[in-house]
Peer 1: 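Have a look at this one.
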Amino acid sequence: MIRQRFYHKPTDWRIYIYYVVTEPHADEILERLAEIGCNGENLSNAHDNLTSGKCDTGLTYTNQSTHETVVVIAKTSTALQFLQSLTHEFGHAANHIAQCYGLPLGGEDVRYICDGLLEKTWEISHELLCDCCRNQH
């Protein structure tokens, strides 16, 4: 598993990302989710997702009051599937952030938030966009 944490200054947001996640990493991620306020049904659903053993899945949880988001990208079967999972989960994260600030969903602001997330993660994510490199993780 690869971990990344960063501060997205334009939105005053802390992002925690977990890449190449498999079932043995569930406890660490569930602990982080609980730390940022995930509980009840949301935490139970995250547990089920993380312990399912399935690849090509992901999840995103946001606490808008603390400006924190956890993004999880499970181990993927192909580089294309990684890209699809990453952009899918970043879409959720960008929407959550936009909603917090009352920005219109589907507008340019959401796309710029997404672009900022991609830029912050490029150093790690670009290696996972190559099947040869991705299989080394």
Side-chain angles (χ1 to χ4, degrees):
M1 178 172 73
I2 302 168
R3 299 161 189 83
Q4 184 179 22
R5 176 184 175 178
F6 62 86
Y7 176 71
H8 187 246
K9 189 174 182 176
T11 58
D12 184 33
W13 219 270
R14 285 179 300 285
I15 311 283
Y16 306 89
I17 303 178
Y18 300 89
Y19 307 86
V20 196
V21 173
T22 57
E23 186 177 353
H25 306 113
D27 288 342
E28 177 183 339
I29 296 167
L30 291 167
E31 185 176 311
R32 172 63 66 193
L33 287 164
E35 285 173 2
I36 73 161
C38 183
N39 55 44
E41 186 176 343
N42 286 329
L43 191 60
S44 178
N45 289 342
H47 175 273
D48 293 348
N49 181 307
L50 292 166
T51 59
S52 71
K54 293 180 184 176
C55 67
D56 300 336
T57 66
L59 66 91
T60 299
Y61 177 82
T62 297
N63 183 326
Q64 291 181 338
S65 64
T66 63
H67 291 198
E68 295 176 287
T69 296
V70 171
V71 175
V72 177
I73 308 296
K75 185 174 183 174
T76 55
S77 56
T78 66
L80 176 58
Q81 182 60 52
F82 171 76
L83 178 61
Q84 290 173 332
S85 294
L86 184 70
T87 57
H88 179 93
E89 297 307 326
F90 279 3
H92 288 308
N95 280 339
H96 296 167
I97 294 167
Q99 286 173 326
C100 181
Y101 290 114
L103 301 172
L105 298 183
E108 287 296 306
D109 290 326
V110 175
R111 298 310 321 147
Y112 288 128
I113 292 168
C114 224
D115 291 347
L117 298 177
L118 288 169
E119 184 177 331
K120 285 283 199 178
T121 60
W122 178 249
E123 192 163 323
I124 291 172
S125 65
H126 82 276
E127 288 189 16
L128 300 170
L129 292 168
C130 164
D131 277 323
C132 296
C133 299
R134 187 184 56 77
N135 289 327
Q136 294 177 11
H137 291 281

Peer 1: Do the non-hydrogen side-chain atoms of W122 and L129 ever get within less than 4.5 Å of each other?
Peer 2: yes

Peer 1: Could you measure the distance from the CG atom of L50 to the OG1 atom of T57? Nearest 0.5 Å is fine.
Peer 2: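 The OG1 atom of T57 is 7.5 Å from CG of L50, to the nearest 0.5 Å.
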
Peer 1: Say you draw a straight line from CD1 of I73 to OG1 of T60; how long is it, rounded to the nearest 0.5 Å?
Peer 2: 6.5 Å

Peer 1: Examine the side chains of H88 and H92 and answer whether a donor and an acceptor come within less than 3.5 Å of each other.
Peer 2: yes

Peer 1: Check Y101 against T11 and note the closest heavy-atom contact, atom names and distance.
Peer 2: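 Minimum heavy-atom contact is OH-O, 2.5 Å.
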
Peer 1: Which heavy-atom pair separates Y19 from L86 by the least distance, and what is that distance?
Peer 2: CE2-CD1, 4.3 Å

Peer 1: With a 4.5 Å heavy-atom cut-off, do I124 and E127 have their side chains touching?
Peer 2: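 No - every pair of side-chain heavy atoms lies 4.5 Å or more apart.
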
Peer 1: Locate the shortest heavy-atom distance separating D12 from Y7; write the atom from each residue and the value.
Peer 2: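 That closest heavy-atom pairing would be OD1-OH, 2.6 Å.
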
Peer 1: Got a sec, which pairs hit salt bridge (Lys or Arg N to Asp or Glu O under 4.0 Å) with one end in residues 38-57, sequence neighbours left out?
Peer 2: none

Peer 1: Is there a side-chain contact between K120 and I15, using heavy atoms and a 4.5 Å cut-off?
Peer 2: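 SC-SC contact between K120 and I15 ruled out.
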
Peer 1: Using 0.5 Å steps for rounding, measure from the CD1 atom of I36 to the OG1 atom of T69.
Peer 2: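 Here the interatomic distance stands at 6.5 Å.
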
Peer 1: Would you say E89 and S85 are linked by a side-chain donor-acceptor pair, where the criterion is simply a distance under 3.5 Å?
Peer 2: no

Peer 1: Could you tell me whether the side chain of L128 reaches within less than 4.5 Å of the side chain of T76, counting heavy atoms only?
Peer 2: no

Peer 1: Is there a side-chain contact between V20 and F82, using heavy atoms and a 4.5 Å cut-off?
Peer 2: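 A side-chain contact under 4.5 Å is absent here.
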
Peer 1: To check you understand the geometry: which heavy-atom pair defines the closest contact between G58 and N49, and what is its length?
Peer 2: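 Nearest heavy atoms, G58 then N49: O-ND2, 3.3 Å.
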
Peer 1: Could you give the distance from CD (E68) to CZ (R32), rounded to the nearest 0.5 Å?
Peer 2: 7.5 Å

Peer 1: Indicate the atoms forming the closest heavy-atom contact of R3 with E28, along with that distance.
Peer 2: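 Answer, listing the atom of R3 first, then E28: NE-OE2, 2.6 Å.
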
Peer 1: Are I2 and V70 connected into the same hydrophobic cluster when the rule is that any two of I, L, V, M, F, W, Y join if their side-chain heavy atoms are below 4.5 Å apart?
Peer 2: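 The answer is no; the residues belong to distinct hydrophobic clusters.
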
Peer 1: Taking all non-hydrogen atoms of both residues into account, name the closest pair between S65 and N63 and its distance.
Peer 2: OG-OD1, 2.7 Å

Peer 1: Is the shortest heavy-atom distance from the side chain of M1 to the side chain of I29 under 4.5 Å?
Peer 2: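 Sidechains of I29 and M1: in contact.
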
Peer 1: Under the ring-ring contact (aromatic ring centres under 6.0 Å, His included) definition, can you give me all pairs with a residue in residues 26-66, not counting sequence neighbours?
Peer 2: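 Non-adjacent pairs meeting ring-ring contact (aromatic ring centres under 6.0 Å, His included): zero.
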
Peer 1: When rounded to the nearest 0.5 angstrom, what distance separates CD1 in I97 from CG in D109?
Peer 2: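 If I round to the nearest 0.5 Å, the distance is 12.0 Å.
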
Peer 1: Going by side-chain heavy atoms closer than 4.5 Å, which hydrophobic residues are tied to V110, directly or by a chain of links?
Peer 2: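 In the cluster with V110 are L105.
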
Peer 1: What orientation do W13 and H67 show, parallel under 30°, tilted 30 to 60°, or perpendicular over 60°?
Peer 2: parallel

Peer 1: If hydrophobic clusters are built from ILVMFWY residues whose side chains come within less than 4.5 Å, do V21 and Y16 share one?
Peer 2: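 Yes; Y16 is reachable from V21 via cluster members.
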
Peer 1: Run the side chain to side chain contact (heavy atoms under 4.5 Å, CB included) test on N45 and L59 for me, step by step, so that the C-alpha distance in whole Å, both residues' side-chain angles and the decisive distance to 0.1 Å come before the verdict.
Peer 2: CA-CA 10 Å; N45 289 342; L59 66 91; over 6 Å; no

Peer 1: Say you draw a straight line from CD of E119 to OH of Y112; how long is it, rounded to the nearest 0.5 Å?
Peer 2: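 That separation rounds to 13.0 Å.
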
